[in-house]
Amino acid sequence: MIDIKRLRQDPDGTRAALARRMDPSAIATFDRILDLDRRRREILVRAEALKAERNAATEEVAKLKRAGAPADALLASLKVSADAVKALDADLRAVDEALEPELLTVPNLLLPDVPDGDVTHNRVMHTWGEIPRFAFTPKPHWDLGEALGILDLANGAKVAGSGFPILRGMGAKLVRALANFMLDLHTREHGYEEVAPPYLVNRASMQGTGQLPKFGDELYTVEADGLYLIPTGEVPLTNIYRDTILDASSLPVAVCAWTPCFRREAGAAGKDTRGMIRVHQFDKVELVRLCRPEDTEAQHELIARQAETVLERLELPYRRLALAAGDTGFHSARTWDLEAWAAGVGTWLEVSSASTFTDFQARRAGIRFRPSPGARPEFVHTLNASGLAFPRTIIALLENNQEADGSVRIPGALAPYLGTDRLVARA
RNA sequence: GGCGUGGUGGCCGAGUGGUUUAAGGCAGCGGUCUUGAAAACCGCCGAACCGGAAACGGUUCCGUGAGUUCGAAUCUCACCCACGCCGCCA
């Protein structure tokens with residue numbers, strides 16, 4: 001949620017900042033908000049003045065009653081003003097109910113260094129590693145996975161549907177190995193607390209991190225209980241701190257979790273349907289950090305580096321991409337995607353997305369800290385990064401490390417977790 | 001799922017219609033005293049919003065929402081959560 005005071009004080013600047021997102025509906029929303037806010041304050045001032053009068057008169061009644069004097073005349077006039085207060089409160093509620101959903105659908109303001117333009121203006125910040133060369137035509141992961149007996153797409157589709165791959169045998173163990181490898185790295189070397197959070201969350205949590213009300217189409221819902229399956233570990237991890245005032249000494253907060261993620265991919269029908277590039281359920285290790293506003297820049301670089309460290313240990317070539325304004329997510333102020341090279345499909349795949357949300361989520365979720373004892377609470381800044389998403393990491397591992405005989409080499413950092421340094425095709 | 005008890009400020013806890021601007025305590029902050037610290041004593045000590053250049057003033061908030069009333073932490077209804085017992089169950 002953006003700061004309505006900022007919007008009120010600098011409407012032109014805010015409108016220009018929103019225009020960078022190239023979303024015309026955001027501007028329309030913005031103008032409706034200005035109008036509603038004006039009306040809200042008009043009514044509020046009148047209602048509060050009337051209530052102040054009423055409170056003074058009510059106190060008079062209390063005094064008279066205590067003195068044993070009659071208060072009938074005063075009571076009669078209070079009855080009239082009570083009705084007026086009720087009417088104004090009803091008006092106020094109506095305006096608030098119109099204003100809130102509008103405010104919740106305004107995207108975050110972008111940081112100044114976010115490149116202007118649409119998705120074609122995403123900028124490569126740096127690249128790491130060597131893109132592997134092959135003496136043969138490298139196979140895509142769906143061929144490799146089936147041949148190795150670790151990926152069973154057909155039965156996944158039978159059991160649940162398209163987009164629900166089954167990993168089995170060494171494939172299932174690979175998931176477990178990746179989880180242990182990543183969690184060990186982040187807890188032992190990067191200072192994260194490991195969390196095993198709920199995978200179903202309530203509406204307030206989805207609204208706190210920004211998935212609702214705007215992106216309900218993307219979520220799987222459990223209607224009978226008013227719950228939602230998490231699309232990312234970011235949701236439960238960040239909402240642990242919803243409606244709390246943190247002690248300054250506890251910042252930065254750093255928590256991580258291995259969770260499944262559930263996404264309907266409603267807007268992506270027909271895209272990446274082959275293999276497991278885009279699926280409805282996948283595992284991911286997620287990193288979440290909460291920090292003081294002045295630390296955002298350093299923390300964003302830090303969390304991105306921590307995700308990159310995973311790729312480097314796995315010996316996967318990758319690049320960091322600064323997303324352009326038009327490609328940056330609704331709640332993000334700046335996002336850097338990490339893309340791993342996948343030799344079989346011959347493309348870069350997003351395996352992590354490192355974002356700072358500035359105070360956008362903190363404002364929605366009421367996550368604050370007290371800068372010093374006795375000082376007024378301020379909103380923290382929230383950041384997150386995948387570290388990493390499993391299916392595409394597996395795709396890159398299989399496709400980049402394949403050999404002519406169909407076997408796959410496992411990088412040294414992962415081999416102890418998997419119990420082997422090579423996956424071999426079934427006879 | 002059933003019955004019962006309860007939800008009050010950072011924490012504990014009093015408060016059953018009108019001096020509640022929520023008693024008291026703990027923690028925290030400032031001060032007196034002290035070579036320093038502790039103790040003792042004194043003062044300060046919640047959040048959001050609105051008006052205002054500021055000083056300051058006002059409104060709202062006692063789990064959430066609706067209601068009764070001139071006036072609600074206090075009364076009514078619904079819901080949520082916690083704890084206990086029973087039932088069911090990995």
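Below, read A as the first sequence line, B as the second, and so on, with proteins coming before strands; counting in each chain starts at 1. What's counted below: heavy atoms across the whole structure, side chains too, no hydrogens, waters or symmetry copies.
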**Student:** Let me confirm one number: the CG-CG distance from A:Leu338 to A:Leu316, rounded to the nearest 0.5 Å.
**Tutor:**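 One finds 11.5 Å between CG of A:Leu338 and CG of A:Leu316.
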**Student:** On RNA chain B, compare the nucleotides closest to A:Pro377 and A:Arg93; which residue's is nearer the 5' end?
**Tutor:**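 The residue mapped nearer the 5' terminus is A:Pro377.
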**Student:** Figure out the NZ/C1' separation between A:Lys86 and B:A66, and round it to whole Å.
**Tutor:**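 My rounded result for the distance is 12 Å.
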**Student:** To the nearest Å, how far apart are A:Asp96 CG and B:G65 C1'?
**Tutor:**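 Taking atom C1' of B:G65 as the reference, CG of A:Asp96 is at 15 Å.
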**Student:** Going by salt bridge (charged side-chain N to carboxylate O under 4.0 Å, His left out), name the pairs with one or both residues in residues 169-184 of chain A, residues two or more places apart or in two chains.
**Tutor:**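 Checked against salt bridge (charged side-chain N to carboxylate O under 4.0 Å, His left out) - neighbours excluded - the pairs reaching residues 169-184 of chain A are A:Asp184-A:Arg188.
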**Student:** Among all residues two or more places apart in sequence or in another chain, which pass the salt bridge (charged side-chain N to carboxylate O under 4.0 Å, His left out) test with A:Glu301?
**Tutor:**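 For A:Glu301 the salt bridge (charged side-chain N to carboxylate O under 4.0 Å, His left out) partners, ignoring immediate neighbours, are A:Arg320.
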**Student:** Tell me, please, which residues at least two apart from A:Asn155 pass side chain to side chain donor-acceptor pair (under 3.5 Å).
**Tutor:**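 Expected list: A:Asp152, A:Lys158.
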**Student:** Grab the CZ-C1' distance between A:Arg368 and B:G46 for me, whole Å please.
**Tutor:**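 Result: 10 Å.
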**Student:** For the P atoms, the ones on B:G7 and on B:G15, what distance do you get once it is rounded to whole angstrom?
**Tutor:**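 11 Å, rounded to whole Å.
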**Student:** Only pairs at least two apart or in different chains count here, so list each salt bridge (charged side-chain N to carboxylate O under 4.0 Å, His left out) that has a residue in residues 213-222 of chain A.
**Tutor:**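 Found none.
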**Student:** Given atom CG of A:Leu92 and atom P of B:G58, what is their separation to the nearest angstrom?
**Tutor:**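 These atoms are roughly 20 Å apart.
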**Student:** Where is the tightest heavy-atom contact between A:Arg368 and A:Val380, given as atom of each residue plus distance?
**Tutor:**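 It is C-CG1, 4.0 Å.
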**Student:** Flag the pair A:Asp421 and A:Arg409 as a salt bridge only when some basic side-chain nitrogen lies within less than 4.0 angstrom of an acidic carboxylate oxygen.
**Tutor:**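 No, this pair does not count.
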**Student:** Please name all residues satisfying ring-ring contact (aromatic ring centres under 6.0 Å, His included) with A:Tyr241, sequence neighbours left out, ordered by chain then number.
**Tutor:**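 Checked A:Tyr241 against ring-ring contact (aromatic ring centres under 6.0 Å, His included); zero matches.
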**Student:** Which whole-number value in Å describes the distance from A:Glu53 CD to B:G71 C1'?
**Tutor:**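 About 16 Å, once rounded to whole Å.
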**Student:** Excluding sequence neighbours, so at least two apart, what forms ring-ring contact (aromatic ring centres under 6.0 Å, His included) with A:Tyr220?
**Tutor:**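 A:Tyr220 satisfies ring-ring contact (aromatic ring centres under 6.0 Å, His included) with no residue once adjacent residues are dropped.
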**Student:** Expressed in whole Å, how much space separates the C1' atoms belonging to B:G28 and B:G10?
**Tutor:**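 These two C1' atoms come out 9 Å apart once rounded.
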**Student:** Roughly how many Å apart are B:U74 and B:G25, using the P atom of each and rounding to a whole number?
**Tutor:**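 Pairwise P distance, B:G25 against B:U74, rounds to 26 Å.
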**Student:** My understanding is that only residues two or more places apart in sequence, or in another chain, count here; which of them pass ring-ring contact (aromatic ring centres under 6.0 Å, His included) with A:Phe357?
**Tutor:**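 With neighbours one apart ignored, the set is A:His331.
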**Student:** Any side-chain N or O of A:Arg370 less than 4.0 Å from the OP1 or OP2 oxygen of B:A47?
**Tutor:**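 For A:Arg370, the contact criterion (side-chain N or O under 4.0 Å from OP1 or OP2 of B:A47) is met.
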**Student:** CD1 of A:Ile245 versus C1' of B:C61: gap in Å, rounded?
**Tutor:**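 One finds 14 Å between C1' of B:C61 and CD1 of A:Ile245, rounded.
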**Student:** Of all of residues 36-51 of chain A, which get a heavy atom below 4.0 angstrom from RNA chain B, listed by number?
**Tutor:**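 Under 4.0 Å from RNA chain B: A:Arg40, A:Arg41, A:Leu44, A:Val45, A:Glu48, A:Lys51.
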**Student:** Can you tell me how far C1' in B:A53 sits from the matching atom in B:U16, rounded to whole Å?
**Tutor:**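 B:A53 and B:U16 have their C1' atoms separated by 47 Å.
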**Student:** Over how many whole Å does the gap from A:Arg203 atom CZ to B:U64 atom C1' extend?
**Tutor:**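 Going from CZ in A:Arg203 over to C1' in B:U64 covers 16 Å.
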**Student:** Pairs under 3.5 angstrom, nitrogen or oxygen only, protein versus nucleotides 72-77 of chain B, please.
**Tutor:**
none

**Student:** Identify all stems in which RNA chain B takes part, counting only runs of at least 3 consecutive pairs (Watson-Crick or G-U wobble, each distance under 3.5 Å), and give each as one range with another, ordered by first number.
**Tutor:**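 Runs of three or more consecutive pairs: B:1-7 with B:80-86, B:10-12 with B:24-26, B:28-32 with B:40-44, B:46-51 with B:56-61, B:63-67 with B:75-79.
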**Student:** What distance, rounded to whole Å, do you find between the two C1' atoms, one in B:C80 and one in B:A22?
**Tutor:**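 Between the two C1' atoms, the distance is 24 Å.
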**Student:** What integer number of Å spans the P atoms of B:A27 and B:C41?
**Tutor:**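 After rounding to an integer number of Å, I get 12 Å for this pair.
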**Student:** Please list all pairs meeting salt bridge (charged side-chain N to carboxylate O under 4.0 Å, His left out) that have one or both residues in residues 103-115 of chain A, counting only residues at least two apart or in different chains.
**Tutor:**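 Qualifying pairs: A:Asp113-A:Arg334.
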**Student:** Taking the same atom, P, in B:C3 and in B:C79, what whole-Å distance lies between them?
**Tutor:**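 Between the two P atoms, the distance is 11 Å.
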**Student:** Taking B:C88 as the reference, what is the distance to B:C75 when you measure between their C1' atoms (whole Å, please)?
**Tutor:**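 Rounded to whole Å, the distance is 38 Å.
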**Student:** Looking only at side-chain N and O atoms, does A:Arg8 come under 4.0 Å of OP1 or OP2 in B:C50?
**Tutor:**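 For B:C50, OP1 or OP2 has a side-chain N or O of A:Arg8 closer than 4.0 Å.
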**Student:** What integer distance in Å separates A:Asp243:CG from B:G9:P?
**Tutor:**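 Those two atoms, CG and P, are 14 Å apart.
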**Student:** Considering residues at least two apart in sequence or located in another chain, which fulfil the side chain to side chain donor-acceptor pair (under 3.5 Å) criterion with A:Asn180?
**Tutor:**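 For A:Asn180 there are no side chain to side chain donor-acceptor pair (under 3.5 Å) partners, ignoring immediate neighbours.
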**Student:** Salt bridge or not for A:Arg278 and A:Glu265, using N-O below 4.0 Å?
**Tutor:**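 Looking at A:Arg278 and A:Glu265, the cut-off is met.
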